[in-house]
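For clarity, every value in this text was computed on a predicted model and none was experimentally measured. These values consider heavy atoms only, across backbone and side chains, with no hydrogens, waters or symmetry-generated copies. In what follows, chains are A, B, ... by sequence order, proteins preceding strands, each numbered from 1.
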4 protein chains.
Amino acid sequence: MKKKDLTKEKKILDATVQIIIDEGAAAISTTKVAKKVGISQSNIYLYFKDKRALLDGVYLREIGRLEETTGMKQMLDPNEAMIPRVFSYLKALYDFSLANPHSLFVIEQIKLLSRDFPDYIENLVGPNNPVAQLFETGIKAKVLRPIDRSLSMTIIFSVIRRHTENIQTGVYSENDASFAAVSRMIWDAITIVPYPDELLK
Amino acid sequence: MKKKDLTKEKKILDATVQIIIDEGAAAISTTKVAKKVGISQSNIYLYFKDKRALLDGVYLREIGRLEETTGMKQMLDPNEAMIPRVFSYLKALYDFSLANPHSLFVIEQIKLLSRDFPDYIENLVGPNNPVAQLFETGIKAKVLRPIDRSLSMTIIFSVIRRHTENIQTGVYSENDASFAAVSRMIWDAITIVPYPDELLK
Amino acid sequence: MKKKDLTKEKKILDATVQIIIDEGAAAISTTKVAKKVGISQSNIYLYFKDKRALLDGVYLREIGRLEETTGMKQMLDPNEAMIPRVFSYLKALYDFSLANPHSLFVIEQIKLLSRDFPDYIENLVGPNNPVAQLFETGIKAKVLRPIDRSLSMTIIFSVIRRHTENIQTGVYSENDASFAAVSRMIWDAITIVPYPDELLK
Amino acid sequence: MKKKDLTKEKKILDATVQIIIDEGAAAISTTKVAKKVGISQSNIYLYFKDKRALLDGVYLREIGRLEETTGMKQMLDPNEAMIPRVFSYLKALYDFSLANPHSLFVIEQIKLLSRDFPDYIENLVGPNNPVAQLFETGIKAKVLRPIDRSLSMTIIFSVIRRHTENIQTGVYSENDASFAAVSRMIWDAITIVPYPDELLK
DNA sequence: TATGAATGAGTGTTCATTCAT
DNA sequence: AATGAATGAACACTCATTCAT
């Protein structure tokens, strides 16, 4: 149960992610993962006690990537003004998604498997639920739309995920649908203030 | 391939839907479905030639329910003005989702499970792809936001689905988040005209 | 259990034979046969009480075809001289096999399935086992090789079956390997007299 | 894909062969084999990736036994004279068949069951297809009958197989039908030279 | 005579998991 | 830390057969 070889653990997670991307989360099996890594099937159980633990590992790693985003952190910085906080958050998430085009997809796929995974990152970031605090502050400041934040979050994630997928699958190119257009759409949905054109440096 | 006893076919579909609701689409197995209906496993193959055909059956039934909605039909009526068409579409979908709280969820689950299902109802409603035509017309008429319609659709579906789920799981009551508030949010995202307050009967 | 519609019975047998030719005897199933005939699966049980009975039907029909051959009958005519009897038997079997290229194959395939089918036609032709009598007479007349007739029979059948298959699969054309050559080979194996060239009219 | 415990692999092959002998090749199922060996059904898939691979295993083992025969090797020795080569081949095959009474039967059964197995050993022995070369040489040397070798091969195999079966099932004893008689019969079929009595040591 | 409906047993195959080495 | 071996349960799917209509 000791986890020494972090390289191997990473390899296992990578292989699992690749299978999700190629065949969907329902296709994951320890057999397949082991074959992909080039280790024996039982070896996986040295690093993850369970298939569920393996899934947890993948899920948490993707979530973690998102959280480490500078935009994510900037969003939570209470010294910033509200509008730049929201705007840079969108920008960061947008960039993140294009740079890691599978990340949101993987998160979604794992949730498909068992519903008892925590919902998105809505309630996950750090102690005291800072996301909740930001939304409350934003609403009081009359910047964010006064509505349950889960709806705003859903829009942010679903639009960016779909946009990324569209580019990925060649529905349109990155030039056709600019960040300006996409972020403005989201902005109009989740805020009640005009889109801050000047922030588009 | 269909047989006479439509009751049985319906029972099988119902059981499958229930499993999706309870455990997710990935948990579907012919064994489970049969047990739930109270028939022998092989009997299922009299009504559906395949597991895939069973999934198709569930998917198409839910899609069909949506299409039969009066709002859906109203949306497609070219004699109507654009703003009421979009508005009544939102209203209809909203009502439908609250009346069939699992329907959008089931559609999403199946779509997620096997990526080769046709995408939502985006391209499904009848011949000549009337949804595409509506969006094109709406954009030309400077009512809908000039952006790939898949993004607008995503917003409509994800927000309404999440809203329904929120009510279902008691996150808030139907009074706390009114149709007015939810539809206005979507409206601001997908159109470039002010929300038509007067249409709120 | 009454068998009225002989046409239908024939159709069932034909379909079964076709499946054997296409996929081998192991692939026979009442489902497949019924589908091929265009009747319901259960209908087969009106004509054949069993799957075994169906196989019997096919087997006996093919055997019967062979027995009805004029050469077969000529072979058994005690008024004929021994050498022409044997020769015309070979000729008849040869012609039969080329005319019904699947017949010996089907017999072989059914025997594959359950070993309790009677062996070839060795002991089947009519009462008093006339084949046995012919071989005894032939051996006494110092025409046939004095050896258990099953070995001679095996040569006759295996060579002609293989020859037919060779032509069927294009190993060589009928011109390359003539009846003269093939029958001479068999002749030298099963008799102890010179090949009767003059009988090659 | 092969694992260490060669004993187990052998046991599985043995059980499969036994089923073929008892019930025919069509009766093979992984369930039956596993039960016969006394292991779990899934264990078979550790040693054979497929049912087909299992059949391959049985087939190749029997073929291999044949090829290892000294007579087989002698037949291929180009320094020997043609007549002894052919004769010793017959003798070797004869002895082999009596020593392994099921071997030719098993080969035939598997070949019959799935037609895509390589044909007998006709084209299998080593590189450059030495069997083909022997037959060509033999025909040029005016020893073997100038006819497609598949027909000669068929005679050799079918006669020896049937002879073995006859003894096995008590149709006659080994004394009644001597090697001399049987081999002479084959000899007269496949060669055009007199039977070499002097080689019967 | 014919069919649709049903089923229990069987098929080959994959799975997550355990354990001795 | 790693593996080969093993297994029982599950999987989708097919089968021969029966029965009421």
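Using a 4.5 Å cut-off on side-chain heavy atoms (C-beta onward), Leu55(C) and Phe117(C) make contact. Looking at heavy atoms from C-beta onward, Tyr59(C) lies out of side-chain contact with Leu113(C) at the 4.5 angstrom threshold.
To the nearest 0.5 Å, atoms CD (Glu108(D)) and NE2 (His102(D)) are separated by 14.0 Å. Put simply, CD1 on Ile107(B) and CG on Leu60(B) are 10.0 Å apart, with the number rounded to the nearest 0.5 Å.
Nearest heavy atom pair, residue Arg61(D) against residue Asp14(D), reads NH2-OD1, 2.8 Å. Closest approach of Tyr47(C) and Ile12(C) over heavy atoms only: CD1-CD1, 4.0 Å. In plain terms, the two heavy atoms of Phe48(C) and Leu54(C) that are nearest each other are CD2-CA, 3.7 Å.
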Indicate every side-chain donor-acceptor pair of residues 36-43 of chain A with a distance under 3.5 Å to a residue at least two apart or in another chain.
| residue | atom | partner | partner atom | Å |
| --- | --- | --- | --- | --- |
| Ser40(A) | OG | Ser42(A) | OG | 3.3 |
| Ser40(A) | OG | Asn43(A) | N | 3.4 |
| Gln41(A) | OE1 | Thr30(A) | OG1 | 3.0 |
| Gln41(A) | OE1 | Thr31(A) | OG1 | 3.3 |

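Residue Arg52(D) contributes atom CZ, which lies 15 Å from atom P of dG12(E) at whole-angstrom precision. Here dT3(F) presents its C1' atom at 13 Å from CD1 of Ile12(A), a figure rounded to the nearest Å. Computed from coordinates, the Ile39(B) CD1 to dA5(E) C1' distance equals 11 Å when rounded to whole Å. Whole-Å rounding puts the Asn43(C) CG to dT3(E) P distance at 5 Å. Rounded to an integer number of Å, the gap from CZ of Phe48(A) to P of dA1(F) is 14 Å. Between the CD1 atom of Ile44(D) and the P atom of dG8(F) there is a distance of 13 Å, given to the nearest Å. When rounded to the nearest whole Å, the span between NZ of Lys51(B) and C1' of dA10(F) equals 12 Å. Put simply, CD1 on Ile19(A) is 13 Å from C1' on dC15(E), counting in whole angstrom units.
Annotation: salt bridge (Lys or Arg N to Asp or Glu O under 4.0 Å) contacts of Arg65(A) (sequence neighbours excluded): Glu62(A). With sequence neighbours excluded, the residues that form a salt bridge (Lys or Arg N to Asp or Glu O under 4.0 Å) with Lys32(D) are Glu23(D).
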Would you tabulate the pairs of protein nitrogen or oxygen atoms and nucleotide nitrogen or oxygen atoms of nucleotides 18-21 of chain E closer than 3.5 angstrom?
none

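Both key distances under 3.5 Å define a Watson-Crick or G-U pair, and stretches of 3 or more such consecutive pairs in DNA chain F run E:2-21 with F:2-21.
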Decide yes or no on side chain to side chain donor-acceptor pair (under 3.5 Å) for Arg162(C) and Ser158(D), but give the supporting numbers first.
CA-CA 11 Å; Arg162(C) 182 63 185 257; Ser158(D) 65; over 6 Å; no
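Using a 4.0 Å cutoff on non-hydrogen atoms, the parts of residues 27-37 of chain A near DNA chain E are Ile28(A), Ser29(A), Thr30(A), Thr31(A), ordered by number.
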